[in-house]
Amino acid sequence: MKNITAKAWAEYFPPRVVDNNELSSVMDTSDEWIIAHTGIESRHIAIDENTSEMATKVGQQLLKRAGLSADQIDMIIVSTISPDALTPATAAIVQANLQATNAFAFDISAACAGFVFALSTAEKFMRNGSYQNVMVISAENNSKMQDFKDRTSAVFFADGAAGMILSQTTNEQEEIFVAEKLCTSGNDQVIHSGRIAPLTKISSSNYPHLDAFYQDGREVFNFVTQTVITHMTDFLQEQKIKPKQLDLVVTHQANLRLIEKIAQALSLPLSRFGINVTDHGNTSSVGIPSVLAEQLDQRDQVGLTLLSGFGAGLAYGSLLLDFSGCDLK
């Protein structure tokens with residue numbers, strides 16, 4: 001069994017910032033309503049920039065920070081629910097952009113749990129020793145899928161990319177993976193995006209149509225406060241870990257109110273949680289790796305860390321990681 005460590009981490013957000021007042025000029029909402037219900041004050045929106053472009057910018061940062069050349073990357077995984085296209089994979093476009101000629105590449109679609117699922121997938125590939133350096137990126141262009149008349153969804157979502165390079169190491173102290181638990185509760189009604197209706201007849205008038213993003217806010221709240229919180233507490237109990245032993249908790253950045261509920265359920269202060277949803281919005285699978293990148297950059301040391309993602313599928317899962325052996329300088 002090979003040891004796996006975090007070699008580099010990075011994030012990217014498009015320069016266009018949209019605050020709540022601007023949103024209220026295009027839909028029936030207000031700054032007061034959005035803050036009261038979500039805690040979100042502003043978000044980054046991609047203009048003339050697609051998912052692969054944001055992912056590529058993160059990939060370039062990762063290579064520079066890791067001190068690796070593109071041809072040293074063996075595999076690229078991109079987590080996204082807002083790809084450039086149904087095919088080819090966004091990861092394949094990123095591979096070409098980076099000129100990572102020795103890497104194979106594919107996408108994972110697990111919505112807001114995507115980075116957790118992708119990181120877990122990368123770890124399994126790397127354990128057999130065949131893959132030395134793996135790039136895992138979450139990238140989302142959620143805004144292109146929004147109905148900006150739907151204030152129940154559009155006020156939440158935003159765009160960006162973030163990721164990590166995992167590398168094999170001979171130093172056991174640098175190993176970051178501790179434990180995991182991934183789950184699915186199949187339900188295609190609570191959250192969905194980009195539905196394509198089946199063909200009803202062969203006709204020259206047929207043309208594919210994608211549905212806008214939709215979520216049932218009440219059911220999402222119930223899912224998180226019941227299923228996800230139970231999953232998190234059960235997972236920690238199974239690993240014989242008390243919440244107070246966690247140095248850092250990074251959950252999906254759904255909205256501030258849900259993170260507050262999770263903190264309360266775990267009896268942890270909000271200061272133990274990494275949070276960027278207030279000024280970045282809900283960036284789907286990007287939330288976890290972007291917060292993680294910020295925390296790893298800001299802290300001198302990060303120990304036992306819980307990552308918990310949850311979203312459409314319904315997909316949810318948690319990873320226990322330990323960064324105490326990583327060089328954060």
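Everything numeric here is computed off the predicted structure, so don't read it as measured data.
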Indicate if F125 and F115 have the same hydrophobic cluster label, given that clusters are the connected sets of ILVMFWY residues with side-chain heavy-atom separations under 4.5 angstrom. yes

Do we see a donor-acceptor contact under 3.5 Å between the side chains of E140 and T51? no

Got more than 12 heavy atoms from elsewhere within 6.0 Å of CD, Q99? no

Please evaluate residues M54 and E49 with respect to the criterion side chain to side chain contact (heavy atoms under 4.5 Å, CB included), reporting the C-alpha separation (whole Å), side-chain torsions for both, the decisive distance (0.1 Å), and the verdict. CA-CA 7 Å; M54 294 186 287; E49 187 174 26; 3.7 Å; yes

Just checking, any donor-acceptor pair under 3.5 angstrom between side chains of D71 and T101? no

Donor-acceptor side-chain pairing of Q189 and D216 below 3.5 angstrom: no

State plainly whether the residues R272 and D247 are in salt-bridge range, i.e. N to O under 4.0 Å. no

So do I288 and V116 actually touch side chain to side chain, heavy atoms under 4.5 Å? yes

Would a 4.5 Å heavy-atom cut-off, applied to side chains only, mark E174 and N3 as touching? no

Would you call K57-E53 a salt bridge at under 4.0 Å N-O? no

Decide yes or no for T283 and F13: does some side-chain heavy atom of the first lie under 4.5 Å from some side-chain heavy atom of the second? yes

Check ion pair K2-E123 (N to O, under 4.0 angstrom): no

Which label fits F223 and Y316: parallel for a plane angle under 30°, tilted from 30 to 60°, or perpendicular past 60°? perpendicular

L321 side chain reached by L307 side chain, heavy atoms, under 4.5 Å: yes

Just by distance, no angles: are the side chains of S185 and N187 close enough, under 3.5 Å, to form a donor-acceptor pair? no

Student check: side-chain heavy atoms of N133 and L68 closer than 4.5 Å: yes

4.5 Å side-chain heavy-atom contact, R43 and V277: no

Pairing donors with acceptors under 3.5 angstrom, does anything connect the side chains of N50 and S52? no

Within the 4.5 Å heavy-atom criterion, are I241 and L320 side-chain neighbours or not? yes

Are any non-hydrogen side-chain atoms of V228 and L258 less than 4.5 angstrom apart? no

Do T38 and N255 have a side chain donor and acceptor closer than 3.5 Å? no

With distance as the sole criterion, is a donor-acceptor pair present between the side chains of E22 and S25 under 3.5 Å? no

Indicate the ring-plane relationship of H44 and H280, choosing parallel, tilted or perpendicular according to the 30° and 60° boundaries. parallel

Single-linkage hydrophobic cluster, 4.5 Å side-chain cutoff, I137 and F117 together: no

Answer yes or no: is there an ion pair linking D297 with R65, defined by an N-O contact shorter than 4.0 Å? yes

Donor on one side chain, acceptor on other, H231 and S318, under 3.5 Å: yes

What I want to check is whether the side chains of T169 and N171 have a donor and an acceptor closer together than 3.5 Å. no

Using only heavy-atom distances, determine whether the side chains of N276 and S290 contain a donor-acceptor pair under 3.5 Å. yes

Verdict with supporting geometry, S42 and D279, side-chain hydrogen bond (donor to acceptor under 3.5 Å, both in side chains): CA-CA 5 Å; S42 62; D279 56 359; 5.9 Å; no

